[in-house]
Amino acid sequence: MNAEIHAGGNTWRDLPAAQQPEWPDQEALRDVIAELESYPPLVFAGECDQLRERLGAVARGEAFLLQGGDCAEAFDAVSAEHIRNKLKTLLQMGAVLTYAGSVPVVKVGRIAGQYSKPRSKPTETRDGVTLPTYRGDSVNGFEFTEAARVPDPQRLKRMYHASAATLNLVRAFTTGGYADLRQVHAWNQDFVKSSPSGQRYEALAREIDRAMNFMNACGVDPEEFKTVEFYASHEALVLDYESALTRTDSRTGDLYDVSGHMVWIGERTRQLDGAHIEFASRIRNPIGVKLGPTTTAEDALTLIERLDPEREPGRLTFITRMGADKIRDKLPELVEKVTASGAQVAWICDPMHGNTFEAASGHKTRRFDDVLDEVKGFFEVHKSLGTHPGGIHVELTGDDVTECVGGGDEIFVDDLHQRYETACDPRLNRSQSLDLAFLVAEMYRDQ
Ligand SMILES: O=C[C@H](O)[C@H](O)COP(=O)(O)O
Ligand SMILES: C=C(OP(=O)(O)O)C(=O)O
Ligand SMILES: [Mn+2]
């Protein structure tokens, strides 16, 4: 490996890096980094290029991005059941958006690497006891004990292995026949009877069946529907991990972060002169940046200069997370000035992170109606500017949790305690996710 090029993955080390774990033992950390550097890549650089091309279609207005998964993946949720449920939910949403929205859908999971969390406070207090905050399974334990909350670099290796196991199953499902479009009904089997969104989905699946029979009769090869393109993404937060998995592509000499196909930089770590943007500027993966309500148009333009100097559609995705009450005020200026600059970024709506509040029960939650309203605002703004609403970025799970309130199968604040299982932010459950997909498909069609 070319030492100079490889050093490109480490230039962030001279800059301030927000939200990094305070590892107590630096020597142990160095050993872990060295071991991670010897591990095989989790993804192939060519796949990252392919996703960049797909996102280029999103930026040009020819496709829609569906990006979703847990807020925080957990090591003890690396099981066939959890992974299958999550994938099934994303495939169902993808089918709804493709068919009802009549648009090609690029499917990207917050999966196989989403183990690190930025936090708003460094400590958490319960019943008078204060401990370091939980920062994701890659860093420390969720359990509220002093021992669990100490950052342990060995967890970075577990993150790699958990990501590898997850990605392996996802690849098996998406290429081995499980995700075959002819299985649209099978994905819904356990769900259909119990829920209005399941029943609505079933009706759509019947239409898809008819359309496929028609295509079959016209001579389209049914094998065309057997596999689905699915990509993995996560927040590139813990830079020791991400840079240990950054490798030189032997085909081109370019650097890729081979821990996932796409990585994004979060709202709390997007400082223009900070380590995360520097790191992202050195790799060829498609990059996302979260933009919250304090983002100025100048910030957005500088991010483009740093991350997409060639103005390559698909390289840069702006994931806005303004909040339902701010999106209509804050988004127009950003979109206008970015468009005027000639850059072609993909604009994606994260309707989750600007709409979190604490319920009287103490649960962190989100209202389905606020989520929906932020997406509506996002579509309205793009419609008025003649730009493309490129997709949604959501926190969801395939399990029937009770973490967000509202939805067709309504969950009330008093229900939150029943199945509140998230390690960090509240996720849409399967029924709420499907509801959202139907409503977004309608918005897209009306656009
Ligand atoms: O997922 C995002 C952040 O980690 C999360 O919103 C921060 O939550 P906190 O305010 O509980 O730290
Ligand atoms: C931390 C997250 O979001 P943001 O950076 O937008 O707050 C997240 O996506 O979980
Ligand atoms: Mn989150």
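Along the sequence shown, the residues carry numbers beginning at 1. Both counts, for ligands and for their atoms, begin at 1 and track the order of listing.
Coordination check, Cys424 versus the Mn ion (ligand 3): failed, since every N/O/S atom of the residue sits at 2.8 Å or beyond.
Between the side chains of Ser116 and Glu235, not a single donor N or O lies within less than 3.5 Å of an accepting N or O.
Some N or O of Pro118 is nearer than 3.5 Å to an N or O of ligand 1, by distance alone. Backbone and side-chain nitrogen or oxygen atoms of Glu235 are examined, and none is located within less than 3.5 angstrom of a nitrogen or oxygen of ligand 2.
Closest approach between the Mn ion (ligand 3) and any N/O/S atom of Glu395 involves OE2.
Comparing Lys364, Lys117, Glu267 against atom 8 (O) of ligand 1, the shortest heavy-atom distance belongs to Lys364.
With contacts defined as side-chain heavy-atom distances shorter than 4.5 Å, the pair Glu47/Tyr256 does not qualify.
The proximity of Ala72 to ligand 1, defined as any non-hydrogen pair under 4.0 Å, does not occur for either the backbone or the side chain. The side chain of His353, and not its backbone, has at least one atom closer than 4.0 Å to an atom of ligand 2 (non-hydrogen atoms only; side chain from C-beta on). Residue contacts with ligand 1 for Glu358 are absent, since no atom lies close enough (heavy atoms, distance under 4.0 Å).
Of all atoms in ligand 1, numbered sequentially from 1 with element shown, those under 4.0 Å from a heavy atom of Cys424 are 4 (O).
For the pair Glu267 and Arg270, the salt-bridge criterion is met [side-chain N within less than 4.0 Å of a carboxylate O].
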